[in-house]
Each structure stands twice: as C-alpha cells, then as structure tokens.
**Q** 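Shown below is the structure under consideration.
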Amino acid sequence: MSPREDRLDRILARLDRDSTVGVEALSEELGVSLATVRRDLDLLEQRRLLERTHGGASRRNVDYDLSLRYKEAAATEAKAAIARAAVARITPGSVIGLSGGTTTFMVADALSQRDDLLHDLTIVTNAVDIAHKLAVHPGIKVIVCGGVINASSFELVGSFVDAVLRGIWIDLAFIGVHAFSATAGGTTANEDEAYVNRLMAQRAERAIVVADSSKCGRRSFASVGGTEVFEEIITDDSLGEDELRELTAAGYAVDLAPTRPEGERR
C-alpha cells in the first residue's frame with residue numbers, strides 16, 4: 001500500500017471512531033503538512049467517503065472498515081459491469097435519462113465506446129460531467145437540465161431542473177443512488193438530488209436503479225422511490241442470495257451484471 005493510501009485509510013478509520021476530524025490534528029497525527037491533509041480530504045470527498053467542513057471533515061454513511069484500495073477496485077469492476085448491462089438496453093432513437101453519480105458516469109463512458117449507438121440518440125442529464133463526456137459525439141443530442149450545481153457531485157438541482165424535466169418525456173432512465181433495499185427503495189444523502197432523481201424517473205417510460213451491491217441493504221437520508229418508481233435494479237453479481245430474494249419479493253426485477261468469468265459465478 002502506498003503512503004497516500006495508508007493515510008487515506010487512517011483518516012477513514014479516525015472518522016469511523018470520532019465522526020469528525022480536524023486538519024491540524026490530522027497533520028500532527030500523520031506527520032504531513034496541512035496542505036497534504038487538505039488534498040487528502042478533498043480526494044476522499046470526491047469519492048463520497050466524507051464531507052468537508054470548515055477546518056476538517058465529517059463522516060458519511062459508508063463502511064470504513066473495508067480497506068480503501070479494496071473498495072475502489074471492487075467498486076470499479078462492479079460499476080463497469082453494471083454500465084455494460086445498462087448500455088445493452090439502449091437502442092438508437094431513444095431518449096435516455098442519466099442522473100448524476102459515479103455509476104451513471106460509467107454508463108455514459110460505456111455508451112461512448114459503442115459506435116453503433118452514437119447516432120440518433122438523445123441524452124437527458126442533470127450531471128455536467130456526463131454532459132461533457134457525451135457532448136463530443138455529434139450524433140448524440142445532449143439536453144442538460146438547468147439548475148444550481150452541487151460541487152461535490154457535479155449534479156444540477158433546484159427549480160430550473162424541475163421546469164425542464166416536467167416538459168419532456170424519457171424512454172429509459174438510469175438512476176444512481178447511494179443506497180437501496182427492499183424496504184426503503186433507492187435513497188440518497190441529499191434531498192435535492194433525491195427530488196431530481198425521482199422526477200427524472202417519473203418522466204421515464206421505464207426507470208432503472210443502477211448501483212453496486214455494496215449499497216444494498218442500506219438506507220440513506222432522502223428517498224428517491226421504491227417499486228412505484230423503479231421496475232428494475234441493475235447491480236453486480238456479488239449481491240447476496242438473501243438480498244436478491246428480498247428485492248424480488250418486494251417486486252423488483254433484478255439484473256446481476258457479471259463481474260467474474262462464467263465458471264466462477266455461483
């Protein structure tokens with residue numbers, strides 16, 4: 001493990017214990033400069049593992065006991081598999097909704113590599129990073145919902161988003177969430193993002209949650225919606241059998257995107 005990875009794990013461990021950390025205290029504890037600590041905290045915030053505060057950071061509702069390197073590798077593999085499964089549902093001529101988030105960004109990335117889909121396609125998104133990713137393809141019409149940008153997630157929120165989404169219809173929407181479960185449905189940490197995500201899903205003929213299996217069985221602060229909004233969940237094949245049964249019993253169609261070779265799957 002590199003020195004920086006070790007520092008990041010130690011910061012997360014400290015957050016797990018104390019809920020909040022200060023830049024000066026971390027600098028002394030880790031033996032690095034204040035500037036280095038601030039860069040580390042900024043990186044962890046970008047990865048949605050903490051929230052920056054004045055003079056430090058506070059914890060988010062995540063599992064800090066797993067090593068950061070393991071979590072990143074596993075999540076990247078899972079999200080790539082989910083993105084491939086999502087793109088397989090897209091057909092030319094469709095209007096596709098993409099909420100903000102790392103998984104939906106990977107859907108956009110996977111889409112950009114499919115030459116057969118890079119024409120006669122309309123993308124509706126409230127995420128400026130996704131819009132930037134797809135805007136370079138002349139065959140894709142990109143509609144960006146207006147609004148106020150959330151700097152930590154690159155998502156646009158607010159009444160301007162509402163005005164745009166209520167005036168259009170979407171064929172298929174892929175919605176990222178921070179957590180999902182059979183009882184709580186899809187949830188996020190931010191109520192403004194949850195509102196926009198729900199509205200985008202409601203304007204779609206079919207709305208699908210895209211989230212890796214580590215988010216299953218958890219609940220975040222703000223509800224996006226349950227089976228009244230989402231017909232299906234695309235997650236990875238590490239989902240537990242009990243969790244799969246609970247989601248299916250609740251009324252969700254669940255697609256387990258394969259992350260492992262055929263012979264290694266259960």
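Only a predicted model underlies this, so the values are computations on that prediction, with no experimental measurement involved.
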**Q** Should Glu232 and Arg206 count as an ion pair when the cut-off is N to O under 4.0 Å?
**A**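 Between Arg206 and Glu232 there is a salt bridge, with a charged N closer than 4.0 Å to a carboxylate O.
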**Q** Are Pro92 and Leu121 packed together at the side-chain level, in the sense that at least one heavy-atom pair is separated by less than 4.5 angstrom?
**A** no
**Q** If you group Ile, Leu, Val, Met, Phe, Trp and Tyr by side-chain heavy-atom gaps below 4.5 Å, do Met106 and Val128 land in one group?
**A**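 Result: no, two separate clusters.
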**Q** Would you say Glu51 and Arg59 make side-chain contact, with heavy atoms under 4.5 Å?
**A**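 When only atoms from C-beta onward are counted, Arg59 and Glu51 do not touch, as no gap falls below 4.5 Å.
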**Q** Is it the case that one hydrophobic cluster holds both Val23 and Leu43, taking links as side-chain heavy atoms less than 4.5 Å apart, direct or via other members?
**A** yes
**Q** Same hydrophobic cluster for Trp169 and Leu165, using side-chain heavy-atom links shorter than 4.5 Å among ILVMFWY?
**A**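 No; tracing contacts between hydrophobic side chains, which count when under 4.5 Å, never links both residues.
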**Q** Hey, are the side chains of Leu44 and Ile11 touching, using non-hydrogen atoms and a 4.5 Å cut-off?
**A**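 The answer is yes; the side chains approach within 4.5 Å.
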**Q** Examine distances only and state if a side-chain atom of Thr188 and a backbone atom of Asn190 form a donor-acceptor pair shorter than 3.5 Å.
**A** yes
**Q** Are a donor atom and an acceptor atom from the side chains of Gln113 and Asp109 found within less than 3.5 Å of each other?
**A** yes
**Q** Is it the case that the side chain of Thr104 and the backbone of Gly100 share a donor-acceptor pair, with hydrogens and angles ignored and the cut-off at 3.5 Å?
**A**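 A pair under 3.5 Å: yes.
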**Q** Out of curiosity, does Leu134 fall in the hydrophobic cluster containing Ile168 (side-chain heavy atoms, cut-off under 4.5 Å, transitive links)?
**A** yes
**Q** Could you state whether Leu199 and Val210 fall into the same hydrophobic cluster, counting links through intermediate Ile, Leu, Val, Met, Phe, Trp or Tyr residues with side-chain heavy atoms under 4.5 angstrom apart?
**A** yes
**Q** Does Glu24 CD have over 12 foreign heavy atoms under 6.0 Å away?
**A**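 No, CD of Glu24 has 12 or fewer neighbouring heavy atoms, counting only those of other groups under 6.0 Å.
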**Q** Is there a donor-acceptor contact under 3.5 Å linking the side chains of Asp212 and Ser214?
**A** yes
**Q** If the threshold is 4.0 Å, N to carboxylate O, is there a salt bridge linking Arg166 and Asp162?
**A**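 Salt bridge between Arg166 and Asp162, a charged N being under 4.0 Å from a carboxylate O: yes.
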**Q** Out of Leu156, Asn150, Asn126, Val177, which one pairs with Glu193 under the side-chain contact (heavy atoms from CB on, under 4.5 Å) rule?
**A** Asn150
**Q** Is a salt bridge present between Glu228 and Arg198, judged by a nitrogen-to-oxygen distance below 4.0 Å?
**A**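 Salt bridge: yes.
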**Q** Do the charged groups of Arg89 and Asp255 touch, with an N to O distance under 4.0 Å?
**A** yes
**Q** Between Thr122 (side chain only) and Val95 (backbone N and O only), is there a donor and an acceptor less than 3.5 Å apart?
**A** no
**Q** Do Ile208 and Leu172 have side-chain heavy atoms sitting under 4.5 Å apart?
**A**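 Heavy-atom side-chain distance check passes, below 4.5 Å.
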**Q** Can you confirm whether Leu49 sits close enough to Leu12 that some side-chain heavy atom of one is under 4.5 Å from a side-chain heavy atom of the other?
**A**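 A side-chain contact exists here, since the closest heavy-atom pair is under 4.5 Å.
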**Q** Looking only at side-chain N and O atoms, does Arg245 offer a donor or acceptor that is under 3.5 Å from a partner on Thr248?
**A**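 Per modelled atom types, Thr248 and Arg245 side chains form no pair under 3.5 Å.
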**Q** Spell out, as yes or no, whether a donor-acceptor pair under 3.5 Å connects the side chain of Thr187 to the backbone of Phe221.
**A**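 Side chain of Thr187 to backbone of Phe221, a donor-acceptor pair under 3.5 Å: no, none is there.
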**Q** Is any side-chain heavy atom of Val224 closer than 4.5 Å to a side-chain heavy atom of Val229?
**A** no
**Q** Leu256 pairs by side-chain contact (heavy atoms from CB on, under 4.5 Å) with which of Thr235, Asp236, Ile234?
**A** Thr235
**Q** Tell me whether the count of non-hydrogen atoms from other residues, nucleotides or ligands lying under 6.0 Å of NE2 in His132 goes above 12.
**A** no
**Q** Can you find a heavy atom in the side chain of Leu26 that is under 4.5 Å from one in the side chain of Arg14?
**A** yes
